[in-house]
J.: 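Pasting a structure here, questions to come.
Quantities reported herein were computed from a predicted structural model and do not represent experimental measurements. Numbering of residues begins at 1 and proceeds along the displayed sequence. When a ligand or atom number is given, it counts from 1 through the structure's own listing order.
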Amino acid sequence: MKRTLLTLFALLVLLPAAADEGMWLPSLISARIDDMRAKGFRLSAEDIYSINRASMKDAVVLFDGGCTGELVSAEGLLLTNHHCGYDAIQRHSTVEHDYLTHGFWARSRAEELPNKGLNVRFLVRMEEVTDRIAAGENPEEIIARAKAEGTGYRADIEQMYYGNQQFLFVYEQFNDVRLVAAPPSSIGKFGGDTDNWIWPRHTGDFSIFRIYASKDNKPADYSPDNVPYRPKKHFTISTKGFQEGDFTMIYGFPGNTQEYILSDAAAYIAERSDPAKIAIRDGRLEIISRAQESDPALRIHYAAKHASIANAWKKWQGEVLGLNRMKTVAAKQEQEEAFARENPRGAELLREMKAEYKRIIDPYFAREITVETLRVLPTSYTAKERAEAFFPARRETERALFRWLFGEYARRCPAEYRIPAFLDGVAANGSPEAFAERVFEEVWAGGETPLNDSLRSDTKRMLDHITWLLGTTRLRNLTSKRLNELYREYLHELRQTWPERAFYPDANLTLRVAYGAIAGYEYADGEYHKPQTTLDGIIAKDNPEIYDYDIPQSLRDLYASKEYGRWGVEIDGRRTVPVCFLASNHTTGGNSGSPVLNADGELIGINFDRTWRSTMSDIAFDPTICRNIAVDIRYVLFVVDRIGGAGYLLKEMRIK
Ligand code: ARG
Ligand code: ASP
C-alpha cells in the first residue's frame with residue numbers, strides 16, 4: 001500500500017505534464033487538441049500547424065536567433081519585445097537621435113530603418129526523420145536537400161528526448177527586417193532591473209519591425225527595391241479583454257529546459273552551481289552599482305552590462321528558492337527509487353548515470369567558475385574607455401572587478417582544475433588580488449600583455465581539456481557524451497514504464513505550443529496576486545527622481561485627462577488602461593516576444609517574462625505558482641496611438 005501510494009505520488013507530482021505544464025511540438029499537437037478544447041480552445045490542430053494551408057505557425061518567427069515575434073499585418077508588420085529589439089534600437093541611437101530614450105516612430109515606409117545582421121525565420125515544416133536516419137540515410141544529406149527546396153531556406157535536425165526522436169526543421173529566413181517603432185525606454189523598460197522578474201509589472205515591453213522581401217515575396221538581402229513581405233497568415237488582434245480562467249496559448253521558440261534530469265543534477269544546480277554564480281555576481285553587481293551611484297556618466301556607461309549581469313543573477317535566485325520550496329531534489333530521488341523498483345534496466349541505468357555524474361561534476365563546475373570569473377574580464381580597453389577625463393572612476397571600478405574575480409576564481413575553482421599560469425601568477429605575486437593588479441595594469445596600459453596572454457592561453461587549454469573529459473561541445477547543461485547516451489535510454493524506459501504520462505521534449509529553440517489560462521496566484525500566505533495591472537499602477541510607481549520609474553510627461557497628461565479613446569476600459573468601477581497580465585503557460589528564455597493568443601487564436605498580448613517564483617520551471621514546473629508575464633495588447637495599441645501618435649500603423653492591423 002505504502003509503495004503504491006509513493007508510486008502514485010511520484011506519478012502525479014514528479015513527472016512532467018500536469019495541468020498547463022508542457023511545451024508541445026506543433027506537428028504533433030493533435031495529440032493534445034482534446035485537452036486544449038476541454039480547456040476552452042475553439043480551433044483545430046490544423047489551425048495551429050498545417051503544411052497544406054496557412055496556419056498559425058506562418059505568423060510566428062524566430063526573431064534574431066533568440067526571441068520570438070509575430071506577424072500582425074498583411075504587409076509584414078511584426079511585434080516582439082522592446083528587450084528583443086534593444087540592440088537594433090541602440091545601434092540606431094545617437095546623441096542627436098536617442099531612440100532608446102525618446103522612442104522611435106517611422107512616419108512612412110521610407111523612414112523604416114534597416115538592420116544589418118538581424119534576421120527572422122519562419123518554420124516551413126517539421127518532420128520526424130528518426131526512422132530514415134536509423135535506416136542509414138545521412139543526416140547531412142537530408143539537411144542539404146531541405147535547404148535546396150527554396151530561396152533562403154535553412155534546415156536543421158534537432159534531437160528530442162535526448163535523441164530518441166529526431167526532427168528535421170525547415171525554415172525560410174528573411175534578412176531585411178526594418179525597425180518601425182519603439183516606445184521610449186521609460187515605457188519599454190519601465191521598472192528596469194528592479195521590476196525585472198517581478199509581478200505586479202507595468203512594462204510596455206514591445207517594439208515593432210517590418211519584414212521586407214523581393215518583389216516576388218521571397219527572402220532577399222537588404223535592398224531599397226525590396227517590398228513589404230506578404231505573409232501567408234497574420235494574427236487578428238482582440239481588444240475585447242478577458243477574465244481570469246480564460247484559455248491562453250503561447251506559440252514561440254523556448255530555448256532550453258531540463259525537465260528530466262536526475263536528482264544529482266538538480267542538487268548540483270540548487271546547491272552548488274547557482275549559489276556560486278549568484279555570489280560571484282553579487283560582488284560584480286556591488287562594484288558596478290557603487291560606480292553607477294557615484295557618477296551619472298558611469299550609470300549610463302554600465303547600464304547594459306548591469307542589466308545583463310542582473311538578469312540571470314536574479315533568475316538563479318528565484319530558481320534556487322523554487323527548487324528548495326518544491327523539494328525537487330528529494331522528489332526526484334523518490335521518483336528514481338520508484339522507477340528503479342519497477343524497471344530493472346532503469347535501475348542499472350540510474351547507477352551508471354550517477355557514476356558518470358560523479359566523474360564529470362568537478363570539471364564541469366570548474367568550467368562554469370572559469371567562465372563566470374576570468375572569462376568575463378576584458379582583454380583590452382579602447383583609448384576612449386581609458387580617457388580618465390571621460391570616466392574618472394572607471395579605472396578603479398575595472399581594477400576592483402579584476403581583484404574580485406581573480407579572488408573568486410581562486411576560492412571556488414576545484415584544485416585539480418586550476419589553471420597553471422594562474423597558480424604561478426599567484427605564487428609570484430603573493431595573492432590572487434596582487435596578481436589581479438599586475439594583470440589589470442598591463443591590460444589597462446594597452447599594447448603588449450605578456451602576463452595576460454599566457455593566462456588566457458592557459459585558460460583556453462584548461463577549458464579544452466574539460467571539454468575533452470566531457471566528450472562533447474554541447475555544454476549548456478551539466479552533461480557529457482556518455483550521459484547523453486544514458487539519458488536517451490533512460491527516457492525511453494521512462495516512457496515505457498509510465499506510458500500514461502504525457503511526456504514533452506525539453507525546449508531546444510524549436511517552435512512549441514504551450515497552453516494555460518489567465519491566472520493570478522497566491523504569492524504568500526493570504527496574499528493573492530491578481531492577473532491584471534493597469535495604468536493606475538504605473539502612475540502610482542511614477543517618480544521623476546528615480547530613473548527606472550520616470551515616465552514620459554505625455555503619459556502623465558493622458559492619465560490626467562483620461563483621454564484613453566477606444567483603449568480605455570472599466571476595471572473595478574474605474575476607467576483605466578490595462579497594462580500587463582499573468583497566465584499559467586509554460587515558457588522559458590526565447591519565449592520573449594511570443595504571441596499570447598485567446599481561445600479563438602486572436603492576439604491578446606506579447607509574452608516577455610516570468611515571475612521570480614516561476615524560474616525553476618526550467619527544471620520543475622509548479623502549476624500553482626508558475627506564471628508567465630505578458631504586456632496587454634491594448635496597452636501596446638494605446639502607446640502606439642496616444643504616445644507615439646502612430647495611429648496609421650493600426651490601420652494595417654486587423655483589430656477586433
Ligand atoms: N527577464 C527577462 C528575460 O529573461 C528579461 C527582461 C529584460 N529586462 C531587463 N530589465 N533586464 O529575458
Ligand atoms: N525574459 C525571457 C526571454 O527573454 C523569458 C523568460 O525567461 O520567461 O526570453
J.: Could you go step by step and tell me if H586 and F621 meet the ring pair (Phe, Tyr, Trp, His ring centres under 6.0 Å) rule?
T.: CA-CA 8 Å; H586 192 179; F621 187 90; 4.5 Å; yes
J.: Salt bridge between E112 and R210, side-chain N to carboxylate O under 4.0 Å?
T.: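 The answer is yes: the pair qualifies as a salt bridge.
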J.: Given a heavy-atom cut-off of 4.0 Å, could you list the residues near ligand 2 in chain and number order?
T.: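 Under the 4.0 Å cut-off, ligand 2 touches H83, W197, T588, G589, G590, N591, S592, F608, D609, R610.
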J.: Would you say the ring centers of F242 and F247 fall short of 6.0 Å from each other?
T.: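 No; F247 has its ring centre 6.0 Å or more from that of F242.
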J.: Name all residues meeting the disulfide bond (SG atoms under 2.5 Å apart) criterion together with C84; count only those two or more places apart in sequence or in a different chain, and write none if there are none.
T.: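 Once residues adjacent in sequence are excluded, the partners of C84 under the disulfide bond (SG atoms under 2.5 Å apart) criterion are C67.
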J.: Give the protein residues with at least one non-hydrogen atom closer than 4.0 Å to an atom of ligand 1, ordered by chain and number.
T.: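 Around ligand 1, where the cutoff is 4.0 Å for heavy atoms, the contacting residues are H83, K189, G192, D193, N196, W197, N311, F608, D609.
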J.: With a 4.5 Å cut-off on side-chain heavy atoms, are F209 and R178 touching?
T.: no
J.: Does the distance from a Lys or Arg side-chain N to an Asp or Glu carboxylate O, for D20 and R627, drop under 4.0 Å?
T.: no
J.: Given side chains that start at C-beta, do those of T587 and N607 come closer than 4.5 Å, heavy atoms only?
T.: yes
J.: Could you give all pairs that pass the side-chain hydrogen bond (donor to acceptor under 3.5 Å, both in side chains) test and reach residues 184-194, with sequence neighbours left out?
T.: D193-H306
J.: Using a strict cut-off of less than 4.0 Å between a Lys/Arg side-chain nitrogen and an Asp/Glu carboxylate oxygen, indicate whether D295 and R394 qualify as a salt bridge.
T.: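 Looking at R394 together with D295, the answer is no, because their closest N to O distance does not fall below 4.0 Å.
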